[in-house]
Engineer: 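My questions all concern the structure below.
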Amino acid sequence: MKGKRTGQRAGDGGTTPPAPVLPGPKDPADGPITVSQLAARIDHAIKGGLPDRFTVVGEISSLAHRTHYYFSLKDEQAVISAVVFASSAARMGYTPRHGDSVIAKGRIEYYAPAGRISLIVTSMTPVGEGELERRYKQLCEELRQLGWFDQDLKKPLPTFPRRIAVITSKDGAAVQDVIDTLKRRCPAIELMIVDVRVQGPQAKGQIASAISKLNAARDRLGIEALLITRGGGSMEDLWAFNEPEVARAIRDSHLPVVAAIGHETDLTIAELVADERCATPTQAAMRLSPDRQALREQVASLIGRLDRTVRGELRYEQQRLENITASRSMSDPRHVIAIHRDRLQSRVARMTGALRHATGARRARLDTLTIRLTRHQPSAVHARREENLSQLTARLGRVMRRSIAARREDLTALSRELHAIGPAQVLARGFSVTTAPDGTILRSTADARPGQPIVTTLADGKVRSVVEGGDDQSVDPRLRARTKAPGRRSGRSKPPDPGQPGLFG
């Protein structure tokens, strides 16, 4: 390798001399080399084959602060370890935060004791929020608007569950922590380990499916709670627990769900939707299980209280028994019999007096009811009603006779008035009515046409005639008026019949 440059030892921030090229075979086929020799060659190749400084754009992930800042810089396709020593952090005026997108300047170093290639950052400035962090905040806001984080929707955890289903990877350290904790605290609780992927593109589907299937079979399997857990990791590693599909499955779960994802500083959407969030798998197992030792102490305390209560009751009843035994009643039973005899006689006397009083009151009430019943016998009631009916009948007859007489007088007066103004009386006074054959009244000479037959109604009959013209010379003699009174007798005319229908009869 041609290039040589100074390096910075991870952990102290100081400079180191150029890495020496250790002697060794030039070709691996010439013979084996030590790990140190291989590490030296890797370090020499990196320093000789890469520029002294790099400017890298990436997102901070897996941030840890222990004097120095240790984290990863990542994009969508790659991740590289990075470190900012305390001396550089004090100069750059920016505090690294998980999820920030930054522009980092520094150099690449190979740290042989750990076998790790890292970017030693000397300056760093933020360029905006990371994509995953932005998506996380957006999902949180959407689900918060839907009310999925509301405490009112959280289900209570069982006090003493008989069986718990643990949804995690069977090869992870988290499941062993849960098993060890439950064995130590309460071995009576059964565990059902549901093996799923907790990282990668298939993880979200397997986790959501496991939650749904366990809920569907909860009665058959006897499951009373779900525990979703996994160990720590970067935000990318934990992203399956931020997927809406997993959050919906937890929200729709009928079983209470406890979530313990990653480390205490990690907070996933699954934990926000779950009924309870715990910092670690061990804490989650402790939250779901009662402490065996605490249960023993509680049982011992209850046994002690029960023993004290029973002993106290026994002492009280024993004292009562002793008092009864020492009383005069127990020593001389005749005294007890005398007391009860006197009490019985007193009660008999009181009962006899009360019975006499009640009997007298009932007899007086019976006499009163008898008198009232006599007044209301059917024969008396019938006689009073018959007399009342006779009076009403007489009154009704008088009223009806007076009413009929008044109506007869009114009818007679109306008849006389109607006869006086009737059409027959008008005709009797010398008036007549002329009509056409169809009965239409002729009210004017204009209504009559020459040659038209007409009928003239008089008081004693009808005269039929034909209308002639105004000039006798121009009128056909056959059209001259001819009158006849069919059925008319000579002499005095017969007075009109009062029953004649009138002018139009």
Side-chain angles (χ1 to χ4, degrees), residues 145-147 369-505:
Q145 293 295 329
L146 294 175
L369 291 176
T370 301
I371 295 172
R372 293 177 59 187
L373 181 61
T374 301
R375 290 201 303 267
H376 292 82
Q377 286 182 352
S379 57
V381 173
H382 178 71
R384 288 196 301 272
R385 290 183 177 177
E386 186 175 2
E387 182 180 358
N388 190 22
L389 181 61
S390 299
Q391 295 175 358
L392 292 175
T393 301
R395 288 176 58 189
L396 179 61
R398 290 193 298 271
V399 170
M400 289 181 63
R401 286 192 294 273
R402 286 197 299 269
S403 178
I404 291 172
R407 296 296 184 274
R408 184 178 290 113
E409 291 176 359
D410 293 341
L411 181 60
T412 301
L414 290 173
S415 262
R416 288 196 298 268
E417 184 178 354
L418 182 61
H419 179 73
I421 64 174
Q425 298 300 322
V426 175
L427 294 178
R429 290 198 294 270
F431 292 95
S432 65
V433 177
T434 303
T435 61
D438 59 358
T440 303
I441 297 175
L442 300 181
R443 302 180 184 276
S444 172
T445 57
D447 295 338
R449 300 186 305 276
Q452 178 184 5
I454 59 175
V455 178
T456 302
T457 302
L458 302 172
D460 57 349
K462 295 181 179 180
V463 177
R464 301 182 183 273
S465 58
V466 177
V467 178
E468 294 183 351
D471 188 359
D472 290 342
Q473 300 300 323
S474 61
V475 176
D476 188 345
R478 291 174 298 177
L479 297 180
R480 292 178 180 177
R482 294 183 300 271
T483 62
K484 64 179 178 176
R488 182 176 180 183
R489 296 178 181 269
S490 60
R492 183 178 296 271
S493 62
K494 184 180 179 180
D497 186 3
Q500 188 176 352
L503 295 179
F504 304 104

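The chain is numbered in sequence order, starting from 1. Both backbone and side-chain heavy atoms feed into the values below; hydrogens, waters and symmetry mates do not.
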Engineer: Where is the tightest heavy-atom contact between Ser432 and Leu458, given as atom of each residue plus distance?
Structural biologist: CB-CD2, 3.3 Å
Engineer: Within this structure, what is the OG1-CD distance for the pair Thr393 and Glu386, rounded to the nearest 0.5 Å?
Structural biologist: 10.0 Å
Engineer: Name the one of Ile454, Val455, Val467 that satisfies side chain to side chain contact (heavy atoms under 4.5 Å, CB included) with Leu442?
Structural biologist: Ile454
Engineer: For Asn388, what residues pass the side chain to side chain donor-acceptor pair (under 3.5 Å) criterion, not counting sequence neighbours?
Structural biologist: none
Engineer: Considering residues, nucleotides and ligands other than Gln391, do more than 12 of their heavy atoms fall under 6.0 Å from its CD?
Structural biologist: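 Counting neighbours around CD of Gln391, more than 12 heavy atoms of other residues, nucleotides or ligands fall under 6.0 Å, so yes.
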Engineer: Using every non-hydrogen atom in the two residues, find where Pro437 and Pro453 come nearest and quote the distance to one decimal.
Structural biologist: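 Closest pair (atom of Pro437, atom of Pro453, distance): CD-O, 3.2 Å.
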Engineer: Would you give the length of the straight line joining atom OG1 of Thr457 to atom CZ of Arg464, rounded to the nearest 0.5 angstrom?
Structural biologist: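 The OG1 atom of Thr457 sits 8.5 Å away from the CZ atom of Arg464.
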Engineer: First locate atom CG of Leu414, then atom NE2 of His419, and finally report the distance between them rounded to the nearest 0.5 Å.
Structural biologist: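 Rounded to the nearest 0.5 Å, the CG-NE2 separation comes out at 14.5 Å.
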Engineer: Roughly how far, to the nearest 0.5 Å, is CZ of Arg408 from OG of Ser403?
Structural biologist: 10.5 Å
Engineer: Just how far is it from atom CD of Glu409 to atom CD1 of Ile404, taken to the nearest 0.5 Å?
Structural biologist: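 It comes to 12.5 Å.
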Engineer: Rounded to the nearest 0.5 Å, what separates atom CG in Asp447 from atom CD in Gln452?
Structural biologist: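 Output value for this atom pair is 8.5 Å.
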